[in-house]
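To keep things clear, I will list the structure first and then write my remarks on it.
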Amino acid sequence: MLSEPRSGRLAAWGNALLAGLVSPDDAVLAMVGDDAVHRVEGLPGESGPVGLTLALGRLRTLGVTGLRVALPAPGHPLGLSGPPAFNARALDAEEAVVAYGAPYGLVPEVSEAGPAGDVHVEVLWHCLPVREAPPADVPSLGEAERELAEALRDATEVLSRLDVAGSGPVAEAAVDAYRARAERGREALAPGYPPRAVRVLELAQRVALLISVAFENGHGGAVSASEMAARGAALRPVERTARRAQVAAYNAYVEERERG
């Protein structure tokens with residue numbers, strides 16, 4: 001389970017760096033996280049892959065003043081604005097970063113190297129042209145918070161009735177243990193984000209983890225075809241709502257800039 005998408009880390013800390021709120025070293029350390037290295041290829045003016053510090057500096061000179069997140073899924077181009085080539089690549093990766101102020105986007109390609117027990121993760125971000133248009137289906141923070149609370153309440157009622165794995169205290173304990181490991185030494189969002197964005201992101205990530213546990217731990221008490229269908233019907237809208245809320249939280253920095 002990866003509760004924090006790489007695009008979220010890059011956008012959040014990239015925004016803080018572009019605003020001068022953090023040093024380049026601190027921003028890159030947060031963006032890379034547990035990965036071995038991140039590089040960016042395809043930047044205008046660069047002949048090959050470059051490090052994140054140089055890449056963000058180059059984007060700034062190209063006019064980029066902020067970064068948004070896209071978390072698309074089949075049939076749901078969340079956060080994307082086109083063109084089709086960029087959307088297709090972002091959909092394959094299930095995430096992307098879309099620049100604000102200049103028509104560029106970044107899509108990660110993740111690779112692993114090394115022997116078992118000592119695997120190193122490397123990320124190559126592909127810089128591609130994007131269409132300058134409003135991102136698809138991204139709610140405001142207020143809308144995201146309200147929708148998430150409603151969806152979670154409805155889904156919990158259905159899952160509890162079906163005795164589905166992921167709806168009880170065992171799943172809650174698993175999520176708490178995972179989050180304790182994942183959150184050591186990191187902030188929920190980078191400096192410069194409003195407190196409401198932090199609150200929405202934390203709730204959205206918790207909901208996403210609960211859904212992941214429910215799907216990974218089998219069918220629970222939902223043994224009939226109809227019960228399994230009901231479980232899927234209950235989880236899918238909540239997963240979609242959680243993704244929308246995450247994007248709204250990560251994009252809150254740019255949205256506030258747009259409002260002046």
Inset, instruction - Indicate the atoms forming the closest heavy-atom contact of S7 with A96, along with that distance. - result: CB-O, 3.5 Å
Legend entry - P44 vs L62 side-chain heavy atoms within contact, under 4.5 Å: yes
Legend entry - Single-linkage hydrophobic cluster L71~L91, side-chain heavy atoms < 4.5 angstrom: no
Inset, instruction - Decide whether V32 and W125 are clustered together by the hydrophobic rule: side chain heavy atoms of Ile, Leu, Val, Met, Phe, Trp, Tyr closer than 4.5 Å, transitively. - result: yes
Inset, instruction - Can you run down the salt bridge (Lys or Arg N to Asp or Glu O under 4.0 Å) pairs that involve residues 45-56, sequence neighbours left out, and say none if there aren't any? - result: E46-R58
Inset, instruction - Taking the side chain as every heavy atom from C-beta outward, state whether V64 and Y100 have any atom pair closer than 4.5 Å. - result: no
Legend entry - Heavy-atom pair with the smallest gap, counting every atom of L141 and A249: CD2-CA, 3.8 Å
Inset, instruction - Nearest 0.5 Å please: distance from the CD atom of E109 over to the CG atom of D92. - result: 11.0 Å
Inset, instruction - Answer with yes or no whether the hydrophobic clustering places V28 together with L54; edges join I, L, V, M, F, W, Y residues whose side-chain heavy atoms lie under 4.5 Å apart. - result: yes
Inset, instruction - Given side-chain contact (heavy atoms from CB on, under 4.5 Å), test L43 with V50 step by step and report yes or no. - result: CA-CA 9 Å; L43 281 166; V50 300; 3.6 Å; yes
Inset, instruction - Using a 4.5 Å cut-off on heavy atoms from C-beta on, say whether the side chain of V40 contacts that of L52. - result: yes
Legend entry - With sequence neighbours excluded, residues passing ring-ring contact (aromatic ring centres under 6.0 Å, His included) with Y193: Y253
Inset, instruction - Specify the closest pair of heavy atoms between V69 and V247, including all atoms of both residues, with the distance to one decimal. - result: O-CG1, 3.3 Å
Inset, instruction - For the pair D137 and R243, find out whether any cationic side-chain nitrogen is under 4.0 Å from an anionic carboxylate oxygen. - result: no
Legend entry - Side-chain donor/acceptor of N15 to backbone N/O of G66, under 3.5 Å: no
Legend entry - R6 vs D34, salt bridge (Lys or Arg N to Asp or Glu O under 4.0 Å): CA-CA, chis, key distance, verdict: CA-CA 11 Å; R6 292 180 173 89; D34 293 330; over 6 Å; no
Inset, instruction - Report yes if the side chains of P24 and L17 come closer than 4.5 Å at any heavy-atom pair, otherwise no. - result: yes
Inset, instruction - Output the distance between atom CD (E95) and atom CG (L10), rounded to the nearest 0.5 Å. - result: 9.5 Å
Legend entry - Nearest atoms (heavy-atom pairs only) where A204 meets Q246: CB-CG, 3.6 Å
Inset, instruction - Could you state whether L18 and L106 fall into the same hydrophobic cluster, counting links through intermediate Ile, Leu, Val, Met, Phe, Trp or Tyr residues with side-chain heavy atoms under 4.5 angstrom apart? - result: yes
Inset, instruction - Spell out, yes or no, whether V254 and V198 are grouped together once hydrophobic residues are joined by side-chain heavy atoms under 4.5 Å, including indirect joins. - result: yes
Legend entry - Close side-chain approach of R68 to P135, heavy-atom, < 4.5 Å: yes
Legend entry - Rounded distance [0.5 Å steps], CG in N251 versus CZ in R257: 13.5 Å
Inset, instruction - Give the intermediate values and the outcome of side-chain contact (heavy atoms from CB on, under 4.5 Å) for residues L67 and V98. - result: CA-CA 6 Å; L67 300 169; V98 179; over 6 Å; no
Inset, instruction - Verify the distance criterion only: is there a donor paired with an acceptor across the side chains of E41 and H126 at less than 3.5 Å? - result: yes
Inset, instruction - Quick one: closest heavy-atom pair of R9 and M31, and the distance? - result: NE-O, 3.0 Å
Legend entry - Salt bridge R39-E122, side-chain N to carboxylate O under 4.0 Å: no
Legend entry - The single option from E239, E147, H76 passing side chain to side chain donor-acceptor pair (under 3.5 Å) against R244: E147
Inset, instruction - Compare every heavy atom of Y104 with every heavy atom of V130, then report the nearest pair and how far apart it is. - result: CG2-N, 3.4 Å
